[in-house]
Amino acid sequence: MIMKQFIFTVLAVMVTTIAESATLPLPGMTSAMPQKVEYMENDATHGITSIRISGNAGDMEWLVKTDGTQYPWVTDKYEWGTAYFDADGEVKTTVQRHHDGDDMVETYTFTNQGKKAVRLTDIGICTPFNDNYPDARTCMEGRCNVHVWAGGKAAYVNAMRMSGLGAHLGLMVTEGAVTDYELWERDSKKGGSNFRGVLALCPPDMTLNPGKSYRLSWRIFVHHGTDFEEQLLRRGGMVVSSDRYVYEVGQTANVTFRTAKATKTIRQKIDRSGDIRVSYGGTHALLLGVGSEQTLMEQRIRFILDHQQMLDKNDVRYGAFMVYDNEGDSLLTNDQGRSDLDEGRERLGMGCLLAEYCRQHPNPRIQETLLLYADYVRTKLQERDYKTWSNARNHGKHRGYNYAWVADFYFRMYLLTGNPQYARDGYGTMRALYRHFGYGFYCIDYPVVTGLEALQKAGMTAERDFLLYDFCQTADIFTKNGLNFPKSEVNYEQSIIAPAVQFLLEVYQATGNKRYLNAARNMMPALEALQWHQPSHHLCEVGIRHWDCYWFGKRRTWGDTFPHYWSAITAAAYHRYAQITGEATYQQRAMQTVRGNLSLFANDGRASCAFVYPRRVNGLRANFADAYANDQDWALLYYLMVNE
């Protein structure tokens, strides 16, 4: 049925090209930088096949090729401008395109040609931005991160070069509304984690009376990153903002709706937990109310203690922290043997969180639980020489990430208990990491701060110095590679670049070597390009990720996960950068990130590994929190770090 929807509407499209307007550039705009949006149409279908920015020799292509040559599954069915919908009558679609100054303007019109009212639902217009990950070098030079705000009349898209540098594209709605978006062609055999999907922007459902039409217009323009919102305002748009998007019950939010001519501020009392929508002028901000941030964390920790530790002494995983199925109200035994659900791996975040929380808030029960967990890690996940596995039953994948997480846990256990064996175990685990994976591995959560502090306090100064030497060897490789990040489990992703920036900044703090600070600073534009500040607790300062529910969730759904806990690594990087440079804006952004991740946790302590954000993925309903409480507790650990 979906195929029929696409084919029908493609055949119905009529394109009218209006002569280019002689409109002068908008006030304040400059022609010193390339800024004209150029496009090419398919003569047969009249869909757009190319969008480029004029004036840049060899400038990147902003659209995925829709002739099947870039990805075989992306064909002219998904050309820019292809419309699809469900309708119970005859509807004609037309599109008009023209230049207004340097901007490209499109107007889509849906007209009821019948004699009865027609109900239009599930409407989408394909906008196949080139957001995918062949490799880091290609990403830096020829791919974009697409930030969508489906904010009704004030909807926009901010498409930023993955390098974060140069001219970027913006799209803003000027008539009608975009209230959702969808993704198509997401599959393990269709790009997997390295292909975000074909994006479609979605107007609201509507009823058209006989002879009546609905118009959706948008303007596509060039911006240079920091001026994006200014460019929206110059073109008659509205910018919505709030100081923060997560509030405790009882607090008052100030939400600002700003145009070039006026500013409207709405004071919203947060009177309940959950989503709170503040609307004005056909758009809105989405806030989250929580009882209190401290209580939310306490409830989550209590839930882990009560429900997520294996306490069956006959199970080889005795003492392990496990995935919890909120729908089945039970530990997940993982009888199907999914490696991404092994009780080791990312589940070590529960141990790290509990150890850090207990250090800050001493609690005998938490410490007793941690002693049992530490015994499981040392005797079941690790061999005597500290070789580290993913599970206790068949060992699973030998994965480099596991080592840093185990070492961080041990170092935190030393800082909690003062038992020097934990410091020795942390050091031994790090030596094993370097022995098996070398100095060039882009690990998540290298324990720079906890490791050096634990070894120093334990009197193991020689080991501390040698571990710092190891860290410097890795930092030298990261510095040499720069933006040429090697492929890992994903070819290029936020959780390659964000940990690299955090690591370099922490090694700089330990050594004072400015080479590492400069290397991190050079990576910052690419890191910042991975997120934007749309006015929603799901999106504001939350990095783009789009595979994590498939790999770690119960429903195994591909598609944008906003939030996903690893976005909090960027918060750690921003936090360290603010500490070093004194630039308070980065600390504020770090707080937005970790607060945004609080939506993964419920008041009763339950949690979700990811929220799949788009309306639909591959035509199936999305916009849900996955039922597995899996590895999201890293977000709370980073919350504690950012608030240290």
Side-chain angles (χ1 to χ4, degrees), residues 1-11 13 15 37-52 59-85 93 95 97 104 106 108 122-135 138-139 141-148 157 159-162 169 171 180-202 220 487 490-493 544-547 550 557-560 612 614-620 622:
M1 183 175 180
I2 296 297
M3 288 292 292
K4 291 181 180 178
Q5 290 173 328
F6 275 100
I7 293 172
F8 170 79
T9 54
V10 169
L11 293 176
V13 167
V15 177
V37 179
E38 301 284 8
Y39 63 92
M40 294 179 58
E41 293 180 353
N42 182 328
D43 291 338
T45 65
H46 299 292
I48 292 179
T49 59
S50 172
I51 294 180
R52 293 178 181 268
D59 188 63
M60 66 173 280
E61 173 57 66
W62 291 85
L63 303 186
V64 175
K65 292 181 179 179
T66 50
D67 59 2
T69 59
Q70 185 172 345
Y71 295 103
W73 55 89
V74 183
T75 64
D76 58 8
K77 168 183 174 180
Y78 296 108
E79 284 180 344
W80 182 290
T82 300
Y84 59 90
F85 51 81
T93 63
V95 57
R97 299 186 181 110
M104 169 187 167
E106 291 188 296
Y108 295 86
D122 300 337
I123 311 166
I125 298 172
C126 293
T127 53
F129 285 99
N130 210 353
D131 189 342
N132 47 80
Y133 310 137
D135 56 77
T138 303
C139 288
E141 298 174 355
R143 297 293 184 270
C144 60
N145 297 310
V146 180
H147 305 287
V148 182
V157 175
M160 301 189 72
R161 297 174 190 266
M162 290 190 182
L169 276 186
L171 179 155
D180 279 297
Y181 74 95
E182 299 183 346
L183 294 169
W184 295 90
E185 299 298 335
R186 295 296 283 118
D187 190 278
S188 58
K189 297 180 180 180
K190 295 180 178 179
S193 303
N194 297 304
F195 179 69
R196 188 174 177 186
V198 176
L199 176 72
L201 301 178
C202 303
I220 302 171
K487 294 180 179 181
V490 180
N491 290 344
Y492 172 78
E493 58 168 318
I544 292 173
R545 302 181 65 84
H546 43 81
W547 56 90
Y550 175 81
T557 299
W558 298 96
D560 296 352
V612 183
R615 179 175 74 178
R616 285 183 175 82
V617 178
N618 290 346
L620 300 177

Sidechain-backbone polar pair: [X] side chain, [Y] backbone, donor-acceptor under 3.5 Å:
| X | Y | value |
| --- | --- | --- |
| Asn618 | Arg186 | yes |
| Thr75 | Gly68 | no |
| Asp180 | Arg615 | no |

Could you tell me which residues satisfy side chain to side chain donor-acceptor pair (under 3.5 Å) with Asp187, sequence neighbours excluded, listed by chain and number?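 Partners of Asp187 by the side chain to side chain donor-acceptor pair (under 3.5 Å) criterion come out as none, since no residue qualifies.
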Applying side chain to side chain donor-acceptor pair (under 3.5 Å) to Ser50 and not counting sequence neighbours gives Glu61
Where do [X] and [Y] come nearest, in terms of heavy atoms and distance?
| X | Y | answer |
| --- | --- | --- |
| Tyr39 | Glu41 | CE1-OE2, 3.7 Å |
| Ala200 | Trp184 | CB-NE1, 4.1 Å |
| Asp67 | Gln70 | OD1-N, 4.5 Å |
| Val617 | Gly559 | CG2-CA, 4.1 Å |
| Asp131 | Cys144 | CG-O, 3.1 Å |
| Pro134 | Cys139 | CD-SG, 3.9 Å |

Does a side-chain heavy-atom distance below 4.5 Å link [X] with [Y]?
| X | Y | result |
| --- | --- | --- |
| Leu201 | Val157 | yes |
| Thr49 | Leu63 | no |
| Cys126 | Tyr84 | yes |
| Lys77 | Thr82 | no |
| Glu106 | Ile48 | yes |
| Met162 | Tyr133 | yes |
| Val64 | Asn130 | yes |
| Asn194 | Asn132 | no |

How many angstroms lie between [atom1] in [X] and [atom2] in [Y], if you round to the nearest 0.5 Å?
| X | Y | atom1 | atom2 | result |
| --- | --- | --- | --- | --- |
| Ile125 | Glu182 | CD1 | CD | 11.5 Å |
| Asn491 | Asp135 | CG | CG | 7.0 Å |
| Phe129 | Asn145 | CZ | CG | 12.0 Å |
| Thr138 | Tyr492 | OG1 | OH | 12.0 Å |
| Glu493 | Ser193 | CD | OG | 8.0 Å |
| Arg616 | Thr557 | CZ | OG1 | 13.5 Å |

What class does the angle between the rings of Trp558 and Tyr550 fall in, given that below 30° is parallel, 30 to 60° is tilted and above 60° is perpendicular? parallel
Ring-plane angle category for Phe195 and Tyr71, please: parallel below 30°, perpendicular beyond 60°, tilted otherwise.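 Geometry flag for Tyr71 against Phe195: tilted rings.
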Salt-bridge present (Asp560, Arg196; N to O < 4.0 Å):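 Counted as a salt bridge, because a side-chain N and a carboxylate O are separated by less than 4.0 Å.
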Looking at Glu38 and Arg52, is any side-chain nitrogen of the basic one under 4.0 Å from a carboxylate oxygen of the acidic one?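 Judged by the 4.0 Å cut-off on N to carboxylate O distance, Arg52 and Glu38 do not form a salt bridge.
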Take atom NZ of Lys65 as the centre, draw a 6.0 Å sphere, and report whether it contains more than 12 heavy atoms from other residues, nucleotides or ligands.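 No, the 6.0 Å shell around NZ holds no more than 12 heavy atoms from other groups.
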Excluding sequence neighbours, so at least two apart, what forms salt bridge (Lys or Arg N to Asp or Glu O under 4.0 Å) with Glu79?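 Glu79 satisfies salt bridge (Lys or Arg N to Asp or Glu O under 4.0 Å) with no residue once adjacent residues are dropped.
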